[in-house]
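Convention: sequence-line order gives letters A, B, ...; per-chain numbering from 1. Side chains are part of it too, since the values below use all heavy atoms of this structure and drop only hydrogens, waters and symmetry mates.
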Protein chains: 2
Amino acid sequence: MQKYSSSKENYLKAIFHLQKSDGVVTTNDVANELQTRPASVTDMLKKLKAQKLLIYERYKGFKLSQEGRKVALQIIRKHRLWEYFLVEKLEFGWDEVHEIAEELEHISSKKLIDKLDEFLGFPKTDPHGDPIPDSQGKFTLVKQVDLLHLPVGKSGDVSGIGDQSPEMLELLKHKQISLGTRIEVKKVFAFDNSLEIKVRNQNVVTVSEHVAKNVFVKYDE
Amino acid sequence: MQKYSSSKENYLKAIFHLQKSDGVVTTNDVANELQTRPASVTDMLKKLKAQKLLIYERYKGFKLSQEGRKVALQIIRKHRLWEYFLVEKLEFGWDEVHEIAEELEHISSKKLIDKLDEFLGFPKTDPHGDPIPDSQGKFTLVKQVDLLHLPVGKSGDVSGIGDQSPEMLELLKHKQISLGTRIEVKKVFAFDNSLEIKVRNQNVVTVSEHVAKNVFVKYDE
DNA sequence: AAATAAATTTAGACAAATCTAAAACATAAT
DNA sequence: ATTATGTTTTAGATTTGTCTAAATTTATTT
Ligand SMILES: [Mn+2]
Ligand SMILES: [Mn+2]
Ligand SMILES: [Mn+2]
Ligand SMILES: [Mn+2]
């Protein structure tokens with residue numbers, strides 16, 4: 001696998017993520033995600049196509065090629081391994097690692113990342129519950145539901161976070177919710193879909209529908 | 001301390017190192033060190049001057065300003081801490097870490113590097129025996145002499161390496177010489193200043209003058 | 001003191017990544 | 001089917017860092 005510029009890697013990663021959630025990716029989506037201008041995106045799309053990382057016809061939308069997907073997955077692997085390192089070894093909070101990993105993910109040495117993986121004990125997920133692709137780009141999605149779909153009375157363990165903005169992560173931290181935290185849904189208010197949930201089998205707190213939709217849990221059955 | 005481009009950081013670091021050894025730095029020196037062209041160096045010198053990182057008058061030579069020196073020392077701090085991490089935690093050989101650290105040194109987070117420092121136990125020197133500047137850019141030079149100046153019969157512990165090219169490091173590795181290795185000079189051949197030295201109080205090997213001049217040791221008295 | 005050589009700088013060009021403003025295209029509304 | 005709206009692309013600039021070739025300055029010989 002060749003080396004690509006940090007900028008190209010960021011585009012590939014963004015397109016990969018947008019493909020996941022939306023299916024179809026638009027120029028505006030990418031511009032928005034990368035805080036840049038649509039014209040700049042079009043410029044880059046042409047370059048990525050020229051390098052066969054992207055399937056793209058003007059005005060007709062685009063998606064990653066096999067190769068583009070492969071590259072994106074390796075960047076994501078690096079991003080998540082570094083995040084794990086920052087939280088587990090350097091004791092960063094899970095809400096402060098994303099930005100730093102955004103830089104570290106572009107360090108090119110393959111050997112470095114494989115040795116880091118080993119040093120960390122081959123973790124399966126990053127500090128936000130997202131799966132870490134292996135050396136070949138393979139990873140397994142965990143089956144999970146958001147809090148709104150966890151039946152009242154049932155308990156689950158937090159396994160992932162949708163919206164990972166610093167604001168969201170700060171809110172969760174305040175309510176003492178992190179990866180692995182046990183949560184039981186006590187009540188759903190039909191009025192606004194806000195929830196009362198029991199955290200760590202202890203305190204009961206209220207969260208909005210927006211929050212509930214972005215906290216994923218694993219549970220039996 | 002602002003952020004500067006990787007390229008500028010590389011120039012500052014190179015100039016700092018060249019100042020150490022030569023005293024006076026020339027455009028050609030820098031071009032040679034950074035594998036670039038003299039014209040490119042001149043271009044960059046002007047930019048560094050404009051940012052007050054360099055004292056520079058055309059044709060009259062140049063040197064780092066106080067601020068330039070400060071920035072250079074922080075890059076060197078990062079470079080050496082990462083090298084230490086790679087060798088001590090990820091088990092890289094000391095001859096394979098330089099290139100990777102050359103990239104890692106440009107990661108900008110100050111908090112990251114201070115936490116890394118703590119995680120590593122505040123090491124004083126990198127895997128090549130070079131001192132690691134602290135958060136304020138301070139560091140202490142160890143008193144050391146090269147092998148040619150170690151009296152015959154005396155023993156010393158390897159504390160630093162001058163020429164750190166991969167070729168040199170590979171040679172030392174082969175002869176089982178690394179940081180901390182005890183060495184005793186058995187004989188100096190007047191003909192070519194080659195040495196016979198006893199390594200680790202065990203095997204006796206021969207090294208050339210060139211090698212001897214680039215291996216530094218600490219010894220009593 | 002000239003002449004020659006070497007080092008340094010300038011002039012002009014180029015690639016990568018970005019931008020603004022305008023044009024082209026696609027979609028939705030009337 | 002026209003018109004209006006929004007999206008995407010082009011045209012033309014700009015910034016950063018680099019290069020080659022030529023000009024300038026400094027250093028070294030004769
Ligand atoms: Mn990034
Ligand atoms: Mn993450
Ligand atoms: Mn570097
Ligand atoms: Mn070193």
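Within the 4.0 angstrom heavy-atom criterion, only backbone atoms of the sugar-phosphate kind lie near Ser7(A); the bases stay farther away. Contacts of Tyr56(A) with the nucleic acid, taken as non-hydrogen atoms under 4.0 Å apart, involve only primed sugar atoms and P, OP1 or OP2. Base engagement by Ser40(A) is indicated by at least one non-hydrogen atom pair under 4.0 Å involving a base atom. The residue Tyr11(B) sits close only to the backbone: its heavy atoms come under 4.0 Å of sugar-phosphate atoms, none of a base. Within 4.0 Å of Tyr4(A), counting heavy atoms only, lies no atom of the nucleic acid at all.
In this model, the phosphate group of dT9(D) is approached by a side-chain N or O of Thr27(A) to a distance below 4.0 Å at OP1 or OP2. Not one side-chain nitrogen or oxygen of Asn28(B) sits closer than 4.0 Å to the OP1 or OP2 atom of dA6(C).
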For Ser7(B) and Asn10(B), what are the C-alpha separation, side-chain angles and deciding distance, and is it a side-chain hydrogen bond (donor to acceptor under 3.5 Å, both in side chains)?
CA-CA 5 Å; Ser7(B) 191; Asn10(B) 285 337; 5.9 Å; no
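Classification of Arg77(B) and Asp134(B) as a salt-bridged pair fails, no side-chain N sitting under 4.0 Å from a carboxylate O.
Side-chain atoms of Tyr59(A) and base atoms of dT7(D) include no donor and acceptor less than 3.5 Å apart.
When distances are taken from the side chain of Thr42(A) to each of dT9(C), dT9(D), dC19(C), the shortest belongs to dT9(D). Here the side chain of Ser5(B) is nearest to one of dG17(D), dT8(D), dT18(D), namely dG17(D).
Checked against the 6.0 Å centroid criterion, the rings of Tyr11(B) and Phe16(B) do not qualify as a close aromatic pair. If you look at His79(B) and His98(B), their ring centroids are closer than 6.0 Å.
For the pair Lys46(B) NZ and dT8(C) C1', the computed distance is 11 Å after rounding to whole Å. Atoms CG (Leu48(B)) and P (dT9(C)) sit 13 Å apart, rounded to a whole Å. Between Met44(A) atom CE and dT10(D) atom C1' the separation is 17 Å, expressed in whole Å. Computed from coordinates, the Asn32(B) CG to dA6(C) P distance equals 16 Å when rounded to whole Å. For the pair Asp43(A) CG and dA16(C) P, the interatomic distance rounds to 12 Å; values are reported in whole Å. Atom CD of Glu9(A) is separated from atom P of dA16(C) by 16 Å (rounded to the nearest Å). Distance, Lys60(A) NZ to dA26(C) P: 8 Å, rounded to whole Å. The CD atom of Glu57(B) sits 14 Å away from the C1' atom of dT9(C) (whole-angstrom rounding).
Where Arg58(A) and Lys8(A) meet DNA chain C, the nucleotide closest to each residue was compared, and Lys8(A) sits on the side nearer the 5' end. When each of Lys47(B) and Arg37(B) is assigned the nucleotide of DNA chain D bearing its nearest heavy atom, the one mapping closer to the 5' terminus is Lys47(B).
Summarising the local packing, NZ of Lys52(A) is surrounded by 12 or fewer heavy atoms from other residues, nucleotides or ligands at distances under 6.0 Å.
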